[in-house]
Amino acid sequence: MTKRNNSFIPALKFHRLTSLYDPVVRWTTRETTFKRFLVEQAELSPDQWGLDLACGTATLALLIKKMHFQSHIIGIDGDTQILRIALRKVSNSNEDISLHTGLSFELPYPNDIFSAVFSTLFFHHLTRENKRRTMHEVLRVLRPGAALYIADWGKAQNLLMRTTFLAVQLLDGFQTTADNVGGLLPTLLVDSGFIQVQELHRYMTLLGTISVYKALKAI
Ligand SMILES: C[S@@+](CC[C@H](N)C(=O)[O-])C[C@H]1O[C@@H](n2cnc3c(N)ncnc32)[C@H](O)[C@@H]1O
């Protein structure tokens, strides 16, 4: 049996940099613009459940809650250190958001529970095998007909975007980021069983192209 890689890459690769994560992302990625666009795509009715997958410092989870305040929002991340920052932000906001520790390819949730799963700046942290394992897990926990919304590094729009993305690759590694910049996330989503996979938008940022994808679980 082949050994599975169940480790994870922290937000800025090294734990000693975690406290810098929020300002770095805010100033380099047009964070508010693409996260707001992502959340606007989702339909979440009151009392339905939404998941922020690999929530990091919970910036996205807080935005989801603000824009869908009658829904139940959970954030999950593999890193207890970054979750401490998330917990502080959630407590300060007085929002009712649950934060869990856990890995994307073994989610501690029952089948068919979430009406939307969101994930930002995350899939480029995973090997191809773990991207597939994660996509299968997301498909398992999504309700039939519900969607996964991803914003992550995608195929570069031009040479400038490809060149600036090298900074992300130098930090997070060339292996896990190759499928992203190769534009392969949609293909992997389809291979994993998602339907109607669409790239909804592309953003040019200081660190390369961020693509927004939507993928449905069949009814
Ligand atoms: C670049 S950060 C993105 C955080 C947040 N989603 C955002 O948009 O700011 C990537 C996050 O993925 C988490 N992570 C990496 N691999 C993971 C896995 N397999 N399962 C859960 N979390 C993981 C890291 O701990 C980190 O918080």
Side-chain angles (χ1 to χ4, degrees), residues 4-39 50-65 73-90 97-109 114 116-138 140-141 148-154 165 167-173 175-177 179-180 185 188 203 205-208 210-213:
R4 286 182 150 176
N5 176 357
N6 284 350
S7 59
F8 69 90
I9 304 174
L12 288 178
K13 179 120 179 218
F14 306 105
H15 273 127
R16 61 181 175 277
L17 297 181
T18 298
S19 60
L20 300 176
Y21 181 75
D22 270 351
V24 167
V25 169
R26 191 176 318 127
W27 295 115
T28 56
T29 68
R30 301 172 64 192
E31 180 183 28
T32 308
T33 307
F34 80 78
K35 287 188 175 173
R36 181 168 286 278
F37 175 81
L38 185 82
V39 180
L51 179 68
D52 178 0
L53 180 63
C55 63
T57 61
T59 305
L60 180 71
L62 283 162
L63 188 61
I64 302 168
K65 185 67 184 172
I73 306 303
I74 296 176
I76 187 166
D77 199 283
D79 184 357
T80 51
Q81 185 174 328
I82 205 159
L83 280 175
R84 278 200 288 275
I85 300 176
L87 198 56
R88 202 165 52 234
K89 285 168 65 175
V90 168
I97 295 172
S98 305
L99 295 172
H100 299 158
T101 308
L103 291 170
S104 57
F105 30 76
E106 42 195 32
L107 294 173
Y109 308 116
F114 290 106
V117 173
F118 304 84
S119 175
T120 53
L121 303 179
F122 166 55
F123 275 87
H124 73 281
H125 278 237
L126 301 172
T127 61
R128 182 177 290 182
E129 189 209 357
N130 283 344
K131 283 183 178 69
R132 288 189 198 279
R133 290 170 71 197
T134 297
M135 288 170 185
H136 282 124
E137 265 301 80
V138 172
R140 181 182 68 74
V141 300
L148 165 64
Y149 301 89
I150 296 176
D152 200 3
W153 307 109
F165 185 63
V168 177
Q169 295 198 286
L170 283 170
L171 185 70
D172 289 331
Q175 192 206 356
T176 58
T177 52
D179 287 341
N180 285 68
L185 284 190
L188 295 176
Y203 293 91
T205 79
L206 287 179
L207 294 177
I210 289 179
S211 289
V212 176
Y213 307 102

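When a ligand or atom number is given, it counts from 1 through the structure's own listing order.
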Kindly write out the residues that satisfy side chain to side chain donor-acceptor pair (under 3.5 Å) with [X], not counting sequence neighbours, or none if the list is empty.
{"X": "K35", "value": "E31"}
{"X": "R132", "value": "none"}
{"X": "D22", "value": "T57, K89"}

Practice task
Kindly assign one of parallel, tilted or perpendicular to the pair Y203 and F37, based on the angle between their ring planes and the thresholds 30° and 60°.
Solution key: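 Y203 and F37: perpendicular rings.
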Exercise for the section: Can you label the angle between the F8 ring and the H15 ring as parallel, tilted or perpendicular, going by 30° and 60°? Expected result: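 Ring orientation, 0 to 90° scale: perpendicular.
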Practice task
To the nearest 0.5 angstrom, please state how far the CZ atom of R84 sits from the OG atom of S19.
Solution key: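 Answer for the CZ-OG pair, R84 versus S19, is 12.0 Å.
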Dump the pairs for me: ligand 1 N or O, protein N or O, distance under 3.5 Å, to 0.1 Å.
{"residue": "ligand 1", "atom": "6 (N)", "partner": "A54", "partner atom": "O", "Å": "2.7"}
{"residue": "ligand 1", "atom": "6 (N)", "partner": "T120", "partner atom": "O", "Å": "2.8"}
{"residue": "ligand 1", "atom": "6 (N)", "partner": "T120", "partner atom": "OG1", "Å": "3.4"}
{"residue": "ligand 1", "atom": "8 (O)", "partner": "K35", "partner atom": "NZ", "Å": "2.9"}
{"residue": "ligand 1", "atom": "8 (O)", "partner": "T120", "partner atom": "O", "Å": "3.1"}
{"residue": "ligand 1", "atom": "8 (O)", "partner": "T120", "partner atom": "OG1", "Å": "2.5"}
{"residue": "ligand 1", "atom": "9 (O)", "partner": "Y21", "partner atom": "OH", "Å": "2.8"}
{"residue": "ligand 1", "atom": "9 (O)", "partner": "K35", "partner atom": "NZ", "Å": "3.2"}
{"residue": "ligand 1", "atom": "19 (N)", "partner": "S104", "partner atom": "OG", "Å": "3.1"}
{"residue": "ligand 1", "atom": "20 (N)", "partner": "S104", "partner atom": "N", "Å": "2.9"}
{"residue": "ligand 1", "atom": "22 (N)", "partner": "G78", "partner atom": "N", "Å": "3.1"}
{"residue": "ligand 1", "atom": "25 (O)", "partner": "D77", "partner atom": "OD1", "Å": "2.7"}
{"residue": "ligand 1", "atom": "27 (O)", "partner": "D77", "partner atom": "OD1", "Å": "3.3"}
{"residue": "ligand 1", "atom": "27 (O)", "partner": "D77", "partner atom": "OD2", "Å": "2.7"}

